[in-house]
Amino acid sequence: MANVDIDLGKYSLGWSDPEEAVFKPEKGLNEDIIRQMSAIKKEPEWMLDFRLKAYERFLKKPLPGWVAKEKLEKLDFDDIYYYIKPTESQVDSWDMVPDAIKETYEKLGIPEAERSYLAGVTAQYESEVVYHKNREDLEELGVIFCDMDTAVREHPELVQEYFGTIIPPGDNKFAALNSAIWSGGSFIYVPKGVKVEDPLQAYFRINAENMGQFERTLIILDEGSSVHYIEGCSAPVYTTDALHSAVVEIVVKANARCRYTTIQNWSNDVYNLVTKRAQAYANATMEWIDANIGSSLTVKYPSVYLMEPGAHGEVLSVAFANSGQHQDTGAKMVHIAPDTTSLITSKSISKGGGRGAYRGLVRMEEGASSSKSFVRCDALILDSDSRSDTYPYMEIEESSAEVGHEATVSKVGEDQLFYLMSRGLSEEEATSLIVAGFVEEFTKTLPMEYALEFNKLIELNMIDAGAVG
Amino acid sequence: MQVLAGLGANKLLEDFPLIDNRNEDWKYIDYPQDLNDFETSVGEIHEPSLRAHIVINDHEYKVLKEHTDFEIFDVETFPSATIGNYSNRPIDRFVFQQKEKITSGVIIKTVSSTKEPLVIEIQSSGTNVPYIGVIAEDNITSSIEFIHTESSKGTSYPMIDYKISNNSQIDTYIIYNTPKSSKSITSFYAQIEKDSSLNVYCARFSSNFTRIRFDIDLDGSGSNFNIEAVYFGDKNGLVDYRIFVNHNTKNTASNMLLKGALVDESNSVFTGTIHIAEGAEKTVSHQINRNLILDKKAKAHSVPNLEILCDDVICGHGSSVGPIDEHLFHYVMSRGISRLDAENLLISGFFNEVLNKDKWKLQRAELLDTIQTKYESSIGAIKSCIKQ
């Protein structure tokens, strides 16, 4: 397929910046695009093979029939750009980042975040990581934090050992799609015993109309290490559908601890279909902290496979479904070894005709003796047009395992509103405050800037259904 | 048969997809192999229990004794389609076959209020599909009891339809205490009108395959549906509950409390959906499923779903699966009671949360006895499971 020259910057919807992409193939996906992309990235042969096999799987796999069928059927796989390379090469200094890209980041607040304390920045702009910086002391400790493409080139032995093993391409249609056309994403390796004190951060956004974003993240924590990774997403408002289909694989070895925080704030037309899975080994802890705001459809169930005794998994998720949005989120905990524990806390808010759903699975395999799991789902429905669903699957094949599940669905209490309004707050402000309180459990896990930004997003969602993006 | 004329009209068996485990409604179970196109058959007739007013077997239904508060009609000759609001009722390949293959059926109409239940014994030796329609008129308080006993040796696929008019309350007991050879799949549909309630009390002690699916439409304001259930699974028995409650209008309520204990290689499934339709404000709904797993090979699957399409509702569900809490053991054993006796006590206590209620007073003693017998016969297995 020939490269197509596009007159960039010819539209100005939302605050999307003029595009300056250097390579932009046509819409749609075929083997040629995959080969061409792999060649541009100078990938080894095995990766190209992996991609092509995954592409075959993608073609064969049906769309899932059990979630948001109507919306998924509207997805036109031939009407999407699968790979765009935004700048000629990566840069390692903020000054070298093109101005247009910088401005976008400034609107998202990245420079401040970086200046304050964040350890490293990998910002994904369109498909390729364009800016990436590692703090020197991290490098000294042997921590590798780079984009996935660099990792394939520079750390092939590590990548090859784990890539596609936690989430094989055949797992589901969208994992297959990602495996075929993945681009960008982060790679983190933390060596034995190393504890990364400050969070590592990457900021994603989509900027080309009708562009899919298929980042691939692989995190490997060696024994006794720990890391907190923060992934934030933001996309400007477009009128046509964009597809975001990421795959995140994490291996948490014995006694290690990983926290993966996501704040996703997609524009209202994005399909966000993500597969996230971690394997936790002996006495390791894996925590997914996940906020989903915006998007037309989000389908995401972060999961933890508890492979060895003492492993612990946690998912804390918040979903805000506003007008026209369907948030189908949840968590999966698969207990394979004895004495493993897990905790799922889910908070969903539906407003203006939005649909929020919790769909989760707790599975106790035979032999997962004395394992324990608890699931708590709370839903808040803010008006009579909205919808809230809860689908908690519990499959228990082990007698000594203990599993509990509690869920409540309610609206904002009249008495709470009365209490706040009698102190001079408007109904809107009062509701906003109550919603912020409802999700506080989530907010308090975030670093301060993120907590502020998140509360701001909630506020914006409360005021005007279409304003966030 | 006019009563069921509207159900799956103009459809053929081939129009329905095959029943298999991938289908959400049939997940987690090994259902009888021939379920996709079963055949009815007849076997011997057993002596009915003394309490029964009506007995239904492979051949026919028989009225054994009169109950003055009910009128009984043959489904074949019943004049009108008073029962089914079939536009709402879900129909799959199994329900369609039930309708096509009914072996005998009765329509029961309440005449006056009563506290004395009408007892219907469902027997089987071959494979039968009994139909029981219940029509409750306005302002009636009444009670019906379905019993499956030692005489349910074969396979039975009962189809039960309720239509409850305004301001009535119907208590329904469904008791299974069947032998190992017994299999049963029940489809239970109810349409409940204004200010009426249906209370179902279900006890299942079965060593084989029992499945019951409820589809409840709460169509009238002030209507409500309650189910309290206890089950004790042993051998390689399956206790399968699928409960779908549709709150179609304002001010409706539903309450589910299901408690079960599992020993040997038994298996329990509870899936249910509370669906609160658009505009069904002021709905109150609670769904609780508790499973005690007392044996290494026992399994439980619990999927309590909620679908809520409006605000201003109170809705909650909880479910748990696990062995008896160690704290409870500690509490009881610190009073000088042995581990095994403590377990026995705690199991009784677990079930008593349900059985101690007034509505169970007629059945309580017998049910606790059955639980005790089942428990004692599995005690060897339980011992091996106790944590030292």
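Proteins get letters first, then strands, A, B, ... in listed order; numbering begins at 1 in each.
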Over 12 foreign heavy atoms within 6.0 Å of [atom1], [X]:
X: Lys27(B); atom1: NZ; answer: yes
X: Arg57(A); atom1: CZ; answer: no
X: Lys180(B); atom1: NZ; answer: yes
X: Asp30(B); atom1: CG; answer: no
X: Glu427(A); atom1: CD; answer: no
X: Lys71(A); atom1: NZ; answer: yes
X: Ile29(B); atom1: CD1; answer: yes

Quick check: do [X] and [Y] have side-chain heavy atoms less than 4.5 Å from each other?
X: Ile381(A); Y: Ile308(B); answer: yes
X: Arg387(A); Y: Cys310(B); answer: no
X: His301(B); Y: Tyr393(A); answer: no
X: His317(B); Y: His405(A); answer: yes
X: Leu382(A); Y: Asp311(B); answer: no

Region of Thr408(A) in contact with chain B, defined by heavy-atom distances below 4.5 Å
both
Under 4.5 Å from any heavy atom of chain B, what part of Ala407(A) do you find: side chain, backbone, both or neither?
both
Below 4.5 Å from any heavy atom of chain A, which atoms of Glu281(B) appear? Answer side chain, backbone, both or neither.
side chain
Relative to chain A, which segment of Phe270(B) carries a heavy atom at a distance below 4.5 Å: side chain, backbone, both, or neither?
neither
How long is the straight-line distance from [atom2] of [Y] back to [atom1] of [X], given to the nearest 0.5 Å?
X: Leu309(B); Y: Ser350(A); atom1: CG; atom2: OG; result: 9.5 Å
X: Ser388(A); Y: Leu306(B); atom1: OG; atom2: CG; result: 7.0 Å
X: Lys299(B); Y: Glu366(A); atom1: NZ; atom2: CD; result: 5.5 Å
X: Asn291(B); Y: Glu402(A); atom1: CG; atom2: CD; result: 13.0 Å
X: Cys315(B); Y: Lys411(A); atom1: SG; atom2: NZ; result: 14.5 Å
X: Tyr391(A); Y: Glu307(B); atom1: OH; atom2: CD; result: 3.5 Å

Report the option among Ser386(A), Gly65(A), Ser384(A), Gly404(A) that has the most heavy-atom pairs separated by less than 4.5 Å from atoms of chain B.
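The option with the most such pairs is Ser384(A).
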In terms of heavy-atom pairs under 4.5 Å, which option from Pro392(A), Ala401(A), Ser410(A) contacts chain B the most?
Pro392(A)
